[in-house]
Amino acid sequence: MEQKNRRKGIIIMGHLIGLVKPLLPIMCLAVALGVLGYLCAIFLTILAGYGILHGLSGLGVSGMLAVTLIILAVLRGILHYGEQYCNHFIAFKLLAIIRHKVFAVLRKLCPAKLEGRDKGNLISIITSDIELLEVFYAHTISPIAITVLTSFVMILFIGSCYVPAGVVALFGYLTVGAVIPLWNGKKGATEGMKFRNSFGELNSFILDSLRGLDETIQYEKGEERMRQMAERSKKLGRLQKKLNRQEAAQSSLTNLVILLFSFGMLFFMLWNYQNGNVSYDTMLLTTIAMMGSFGPVVALSNLSNNLNQTLASGERVLSLLEEEPRIEEVTGKDSITFENAAAEHVDFAYEEEQILKDYSIAFPKGKVIGIHGASGSGKSTLLKLLMRFWDVDNGRVMISGENVKEVNTVDLRNMESYVKQETYLFHDTIANNIAVGKPGASREEIVEAAKKASVHEFIMTLPNGYDTKVGELGDTLSGGEKQRIGIARAFLHDAPFLLLDEPTSNLDSLNEGIILKSLKESRGDKTVVLVSHRKSTMNLADVIVEMR
């Protein structure tokens with residue numbers, strides 16, 4: 001998100017707080033426990049100081065006071081534990097809710113808005129940015145409420161002793177708990193967002209470097225990549241140092257202001273005592289109360305040190321959650337079965353690059369339509385439009401006489417099987433990778449699909465057969481083996497409209513022949529769109545269309 005469009009911190013906080021609604025009773029309990037805990041700590045200090053000063057004056061300390069101090073100390077520990085337990089319970093519950101929302105949004109955004117997206121930055125959002133929100137939910141929301149309520153109680157207490165002292169306390173709490181954090185937050189907001197974005201960019205660079213490690217070694221680009229990584233790390237380090245300096249400056253300023261108000265209250269009350277405006281006990285109580293009650297506002301003030309990065313993370317997560325999909329899922333329409341498909345006078349462009357212009361083609365039921373042409377002629381794009389991964393700019397894509405924009409998305413997915421040029425394999429067993437085509441498929445169905453894709457014999461040579469785990473991104477398998485597993489998925493899905501995008505591009509001529517023979521024997525009355533730049537692949541087609 002561009003910096004100029006970044007919303008204000010208070011608005012980000014409002015949106016994040018809105019997510020707490022389902023857990024509001026627990027949040028209220030956390031605030032109540034936190035307020036009582038701080039009051040126990042403050043009055044523990046007040047009574048202890050009061051007792052010590054009275055003891056030094058020779059007035060003695062009662063046993064009741066000692067018992068009260070012990071009770072307050074024990075209660076402080078119990079209440080603080082309860083508050084932290086509630087806050088972390090809320091935080092981890094909400095992080096689970098946010099992750100669920102994020103993955104639901106990603107599903108809707110796929111693939112139109114995520115194609116070509118900065119994957120490393122996206123990974124940074126769904127991992128570290130969401131994790132950082134734990135600070136907001138566990139250590140920000142309730143501390144704000146706790147600070148306000150505790151400070152209010154202390155202002156009333158100090159004011160009941162001596163009204164002008166209550167006014168001094170009010171200004172002290174506002175300065176430490178509001179003025180300084182807001183000033184620091186405004187100053188560091190831009191740097192916080194820059195840091196989170198730079199962190200995401202570094203993640204992307206590292207991910208890209210790992211994926212291209214073989215090429216980096218082959219072409220001796222290791223030193224150059226290391227230099228670039230060092231530059232990015234130094235840039236991130238400079239931003240971190242700047243944020244650390246701001247944090248140190250704020251911490252020093254906060255401590256200075258606390259000292260000024262504490263000693264200000266001391267001298268103010270001494271002056272009033274000397275002038276007979278207050279009693280000795282009132283002077284002691286108000287001064288000790290002021291000095292011992294900055295805990296909640298200091299905690300709130302310290303929040304702003306990390307709050308800039310937390311709000312920057314919140315902005316990035318919220319921006320992702322608010323993204324509108326280019327392709328809205330269709331529901332509530334009458335279900336249809338596959339009869340035929342067609343593209344009618346279709347125009348389509350990626351940004352400014354025109355791919356298809358006034359293009360029409362028909363796909364009769366039960367036929368194999370071969371689409372042949374050079375790279376960049378729009379073959380793959382046509383299949384993605386049939387899948388409705390994108391919508392056309394002009395014209396119509398039709399399934400069974402209906403515009404795909406009016407067909408239930410679930411019906412469209414059930415009617416179509418799509419094998420891409422590059423098959424993605426999950427870091428899982430081969431059986432589970434094939435079963436992606438039909439969740440809950442039996443082992444017999446999986447094996448039958450693998451046999452149709454001519455990959456069964458290869459699988460049986462592996463150490464654990466179908467239970468062999470493939471490496472991350474399927475790197476333990478060759479391109480041809482991955483492609484055949486992709487074809488097995490399509491066979492398992494068993495849809496009436498089969499879209500094959502270069503299904504044999506990674507296969508040698510022998511395996512290509514086996515796959516094509518299997519397709520011919522297994523397709524039944526399926527309608528098949530066979531895209532390839534290989535003329536040999538077109539031998540299976542009933543009709544061949546040339547794309548230029």
Nearest 0.5 angstrom please: Tyr137 OH to Ile98 CD1, how far? 4.0 Å
Considering non-hydrogen atoms only, spot the tightest contact between Leu95 and Ile130 and give its length. CD2-O, 3.1 Å
Between Ser380 and Asp501, is any side-chain donor less than 3.5 angstrom from a side-chain acceptor? yes
NZ/NE/NH1/NH2 to OD/OE distance under 4.0 Å, Glu231 and Arg227: yes
Beyond-backbone contact of Thr423 with Arg489, side-chain heavy atoms, under 4.5 angstrom: yes
Is the shortest side-chain N to carboxylate O distance from Asp542 to Lys367 below 4.0 Å? no
Would you please name every residue forming a side-chain contact (heavy atoms from CB on, under 4.5 Å) with Glu546, sequence neighbours left out? His372, Arg548
Residues Lys384, Asp391: salt bridge by 4.0 Å N-O rule: no
Is there side-chain contact between Asn340 and Pro364, with at least one heavy-atom pair below 4.5 Å? no
Is any side-chain N of the basic residue among Lys526 and Asp494 closer than 4.0 Å to the acidic one's carboxylate O? yes
Between Ser532 and Met538, is the side chain to side chain contact (heavy atoms under 4.5 Å, CB included) condition met? List the steps. CA-CA 7 Å; Ser532 181; Met538 294 294 104; 3.8 Å; yes
How many angstroms lie between atom CD of Glu416 and atom CG of Asp411, to the nearest 0.5 angstrom? 11.0 Å
Residues Glu445, Lys438: salt bridge by 4.0 Å N-O rule: yes
Any side-chain heavy atom of Thr527 within less than 4.5 Å of one from Leu498? no
Take atom CD in Glu457; do more than 12 heavy atoms of anything else shown fall under 6.0 Å from it? no
Heavy atoms of other groups near Asp334 CG, more than 12 under 6.0 Å: no
Pair Tyr418 + Phe389: ring centers closer than 6.0 Å: yes
May I ask you to test the Leu500-Val528 pair for a side-chain heavy-atom distance under 4.5 Å? yes
Does a side-chain heavy-atom distance below 4.5 Å link Arg396 with Val392? no
Do you know which two heavy atoms are closest between Ile369 and Ala362, and how far apart they sit? CG1-O, 4.3 Å
Measure across Ser142 and Met27 and return the closest heavy-atom pair with its distance rounded to 0.1 Å. CB-SD, 3.9 Å
Please report the C-alpha distance between Leu109 and Leu320 in whole Å, then the side-chain angles of each, then the deciding distance to 0.1 Å, and finally whether the side chain to side chain contact (heavy atoms under 4.5 Å, CB included) criterion is met. CA-CA 10 Å; Leu109 294 178; Leu320 182 62; 4.0 Å; yes
Once rounded to the nearest 0.5 Å, what's the spacing between atom OG of Ser360 and atom NE2 of His345? 4.5 Å
Looking only at side-chain N and O atoms, does Asn464 offer a donor or acceptor that is under 3.5 Å from a partner on Asp467? no
Check: Leu462 main-chain N/O paired with Thr468 side-chain donor or acceptor under 3.5 Å: no
Any ion pair linking Arg107 and Glu329 (charged N to carboxylate O, less than 4.0 Å)? yes
Under a 4.5 Å cut-off applied to non-hydrogen side-chain atoms, are Met415 and Thr337 in contact? no
Single hit among Asn433, Ile446, Thr429, Asn432 for side chain to side chain contact (heavy atoms under 4.5 Å, CB included) with Tyr466: Ile446
Could you report the tightest heavy-atom contact between Ile485 and Val455, atom names first, then the distance? CG1-CG2, 4.3 Å
One should read off an interatomic distance between Met229 CE and Arg232 CZ, to the nearest 0.5 angstrom, of 9.0 Å
If we only count heavy atoms from C-beta on, is the His456 to Val447 side-chain gap below 4.5 Å? yes
All side-chain contact (heavy atoms from CB on, under 4.5 Å) counterparts of Lys379, not counting sequence neighbours: Ile371, Ser377, Glu502, Val531, Met547
Apply side chain to side chain contact (heavy atoms under 4.5 Å, CB included) to Lys482 and Val470, showing your working. CA-CA 10 Å; Lys482 287 192 285 187; Val470 300; over 6 Å; no
When rounded to the nearest 0.5 angstrom, what is the spacing between CD1 in Ile11 and CG in Leu318? 11.0 Å
Ignoring hydrogens and geometry, is there a side-chain-to-backbone donor-acceptor pair from Arg413 to Met387 under 3.5 Å? yes
Whether Tyr350 and Trp390 hold their rings parallel, tilted or perpendicular, with breakpoints at 30° and 60°: perpendicular
Does the side chain of Ile97 come within less than 4.5 Å of Val102's, by heavy atoms? no
Residue that, paired with Ile355, satisfies side chain to side chain contact (heavy atoms under 4.5 Å, CB included) out of Leu382, Thr381, Leu385: Thr381
Donor-acceptor pair, Ser417 side chain versus His493 backbone, under 3.5 Å? no
Using modelled atom types only, decide if a donor and an acceptor are shared between the side chain of Glu224 and the backbone of Met226 within a distance under 3.5 Å. no
Give, for atom CD of Glu328 and atom OG1 of Thr409, the distance between the pair rounded to the nearest 0.5 Å. 9.5 Å
Here the pair of heavy atoms bringing Phe338 nearest to Lys365 is O-NZ, 3.8 Å
Checking side chain to side chain contact (heavy atoms under 4.5 Å, CB included) for the pair Met398/Asn403: CA distance, chi angles, key distance, verdict? CA-CA 5 Å; Met398 311 292 287; Asn403 192 321; 4.3 Å; yes
Side-chain (Asn408) to main-chain (Val410) donor-acceptor, under 3.5 angstrom: no
Which pair of heavy atoms, one from Leu492 and one from Ala435, lies closest together, and at what distance? CD2-CA, 3.7 Å
Is there a donor-acceptor contact under 3.5 Å from the side chain of Asn394 to the main chain of Asp347? no
